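Each chain gets a letter, A, B and so on, in the order the sequences are listed, and its residues count up from 1. Everything quoted here is computed from the prediction, not taken from an experiment.
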Amino acid sequence: MNIPEDEAALIKRALCLAGRTLGEIAQELHLPVPKNITHAKGWTGQLIEKILGASAGSLAEPDFPHLGIELKTLPISSMGVVSETTYVCIVPLSEMNQATWKTSIVYAKLAHVLWVPIDITSPTLFHRRIGTPLLCDLPENDEALLQKDWEEFAELISLGKIESITAHQGTVLQIRPKAAHSRIKTAGIGPLGEPIQTLPRGFYLRKCFTQKIIKRYFVV
DNA sequence: AGATGATCATCT
DNA sequence: AGATGATCATCT
């Protein structure tokens with residue numbers, strides 16, 4: 001699909017997806033629907049990217065760079081409950097001390113998000129239904145929560161404490177592994193300021209955060 | 001049962 | 001290798 005020229009065009013296109021199944025969208029794009037979700041974890045997100053005309057590629061920038069809008073699908077189980085945490089971006093282990101909240105990748109990605117709820121009640125990808133998409137600017141109070149978590153993580157990482165950070169930390173943002181498997185290593189900074197090799201990590205939004213966002217708009 | 005740590009597919 | 005898209009599966 002071509003790139004939407006402005007925000008209004010993107011929203012219009014996104015709203016057309018409401019109520020449709022992933023199978024219908026895939027057929028429209030002449031794409032096969034994977035049978036096994038375990039081996040197609042990112043398929044839904046990539047399908048929605050294609051139908052909305054998000055710029056392909058794996059760059060560390062929002063999906064619609066000219067609009068500054070990030071696209072996120074949000075899995076919703078029965079009763080309107082967010083069923084998974086939301087990956088935001090990789091943790092830049094070696095450059096964390098150079099960033100401020102406002103210059104961070106996390107802020108760039110979350111300032112404007114087009115949330116696309118996916119009803120995952122059906123176990124088969126084909127029959128899963130798209131909810132009503134929601135374009136959302138980051139409210140000030142949510143930003144304050146994210147900024148606080150981010151700044152605490154930034155300090156720990158700058159002090160070389162990345163290997164002591166667990167998913168238990170952070171009230172709305174958390175850091176968890178982000179790799180094909182647990183033996184993968186990337187460059188980081190150790191406790192003595194020395195270069196180390198450590199597991200790549202990502203920033204994730206806790207469920208409570210995304211649940212709150214959709215609860216503002218949908219009665220459950 | 002829910003959350004944490006681990007993992008899967010694809011692209012550049 | 002490192003980024004994107006995420007969900008799985010084990011542990012508590």
Side-chain angles (χ1 to χ4, degrees), chain A residues 1 3 17 22 25-26 29 31-65 69-96 99 104-106 108-110 113-126 128 130 133 149 153 162-188 195-211:
Chain A
M1 202 63 74
I3 296 170
L17 301 179
L22 301 183
I25 304 300
L29 296 174
L31 293 170
V33 180
K35 290 279 186 292
N36 186 345
I37 302 178
T38 305
H39 295 279
K41 293 180 184 176
W43 183 82
T44 301
Q46 285 155 353
L47 181 77
I48 303 300
E49 279 186 345
K50 288 193 184 86
I51 195 71
L52 292 180
S55 47
S58 46
L59 304 172
E61 60 181 22
D63 294 288
F64 300 94
I69 295 174
E70 173 73 8
L71 176 65
K72 287 288 175 205
T73 58
L74 197 56
I76 309 289
S77 60
S78 59
M79 308 304 291
V81 174
V82 172
S83 70
E84 290 287 354
T85 57
T86 302
Y87 170 69
V88 180
C89 61
I90 210 76
V91 179
L93 293 177
S94 299
E95 294 89 39
M96 203 64 181
S104 68
I105 311 171
V106 175
K109 296 246 179 185
L110 297 181
V113 180
L114 179 61
W115 298 99
V116 180
I118 307 292
D119 178 350
I120 62 159
T121 307
S122 169
T124 59
L125 283 172
F126 193 101
R128 289 186 174 181
I130 303 168
D149 283 348
F153 285 132
I162 181 60
E163 301 205 306
S164 68
I165 295 176
T166 75
H168 295 93
Q169 290 160 269
T171 59
V172 294
L173 195 64
Q174 64 180 174
I175 288 180
R176 305 214 308 277
K178 177 61 173 166
H181 53 77
S182 58
R183 284 101 57 205
I184 288 183
K185 301 290 181 188
T186 192
I196 59 167
Q197 289 296 111
T198 188
L199 184 61
R201 324 291 166 105
F203 283 114
Y204 295 80
L205 295 175
R206 290 190 181 278
K207 291 190 234 176
C208 58
F209 187 85
T210 45
Q211 185 73 65

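Atom-to-atom distance recorded for A:Cys89:SG and A:Leu110:CG is 7.5 Å, nearest 0.5 angstrom. Separating the CG atom in A:Leu93 from the CD1 atom in A:Ile162 is a distance of 5.0 Å, to the nearest 0.5 Å. From A:Leu71, atom CG reaches atom CD of A:Glu49 across 6.0 Å, with rounding to the nearest 0.5 Å. The distance from atom CD1 of A:Ile118 to atom CG of A:Leu17, rounded to the nearest 0.5 Å, is 8.5 Å.
At whole-Å resolution of the value, CD1 in A:Ile162 and P in B:dG5 are 12 Å apart. As rounded to whole Å, 10 Å separates atom P of B:dA3 from atom CD of A:Gln174. Taking atom CD of residue A:Glu49 and atom P of nucleotide C:dA6, one finds them 7 Å apart after rounding to whole Å. Atom CD1 in A:Ile48 sits roughly 16 Å away from atom C1' in C:dT4 (whole-Å rounding). In this structure, A:Ile175 places its CD1 atom 14 Å from C1' of B:dT4, rounding to the nearest Å. In this entry the distance linking CG of A:Leu199 with P of C:dG2 reads 12 Å, nearest Å. Whole-Å rounding puts the A:Lys185 NZ to C:dA1 P distance at 13 Å. Spacing between atom NZ of A:Lys109 and atom P of C:dA3 amounts to 10 Å, rounded to whole angstrom units.
When all heavy atoms of A:Lys207 and A:Thr85 are compared, the pair lying nearest together is CG-N, 3.9 Å. Minimum heavy-atom separation, A:Leu173 to A:Phe153: O-CE1, 3.6 Å. Counting all heavy atoms, side chain and backbone alike, A:Glu61 lies closest to A:Lys109 at O-NZ, 3.4 Å.
Contact annotation: the side chain of A:Leu114 approaches that of A:Leu52 to within less than 4.5 Å [non-hydrogen atoms, C-beta and beyond]. In this structure, the side chains of A:Phe203 and A:Pro92 come closer than 4.5 Å at one or more pairs of heavy atoms. When side chains are defined from C-beta on, A:Ile69 does not count as touching A:Pro62, because their heavy atoms never get closer than 4.5 Å.
Between B:dG5 and A:Lys178, no contact under 4.0 Å exists linking OP1 or OP2 to a side-chain N or O. Within the 4.0 Å cut-off from OP1 or OP2 of B:dA6, not a single side-chain nitrogen or oxygen of A:Arg183 is found.
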Exercise for the section: Treat primed atoms plus P, OP1 and OP2 as sugar-phosphate and everything else as base, then score nucleotides 7-12 of chain C 5' to 3': B for base contact with protein heavy atoms under 4.0 Å, S for sugar-phosphate contact only, - for none. Expected result: BB----
Practice task
Give the C-alpha distance, both sets of side-chain angles, the deciding distance and a yes or no for side-chain contact (heavy atoms from CB on, under 4.5 Å) between A:Arg206 and A:Asp149.
Solution key: CA-CA 12 Å; A:Arg206 290 190 181 278; A:Asp149 283 348; over 6 Å; no
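The stretch residues 165-172 of chain A comes close to DNA chain B through A:Thr166, A:Ala167, A:His168, each having a heavy atom under 4.0 Å from the strand.
Within the nucleic acid shown, A:Glu70 comes within 4.0 Å of sugar-phosphate atoms alone, with no base atom in reach, counting heavy atoms only. A:Lys72 comes within 4.0 angstrom of the backbone, heavy atoms only, and of no base.
Without hydrogens or angle criteria, A:Gln174 side chain to A:Ala167 main chain gives a donor-acceptor distance under 3.5 Å.
Across its full length, the helix from B:dA1-C:dT12 to B:dT12-C:dA1 shows an angle of 30° between the axes of its 5 terminal pairs at either end, rounded to 10 degrees.
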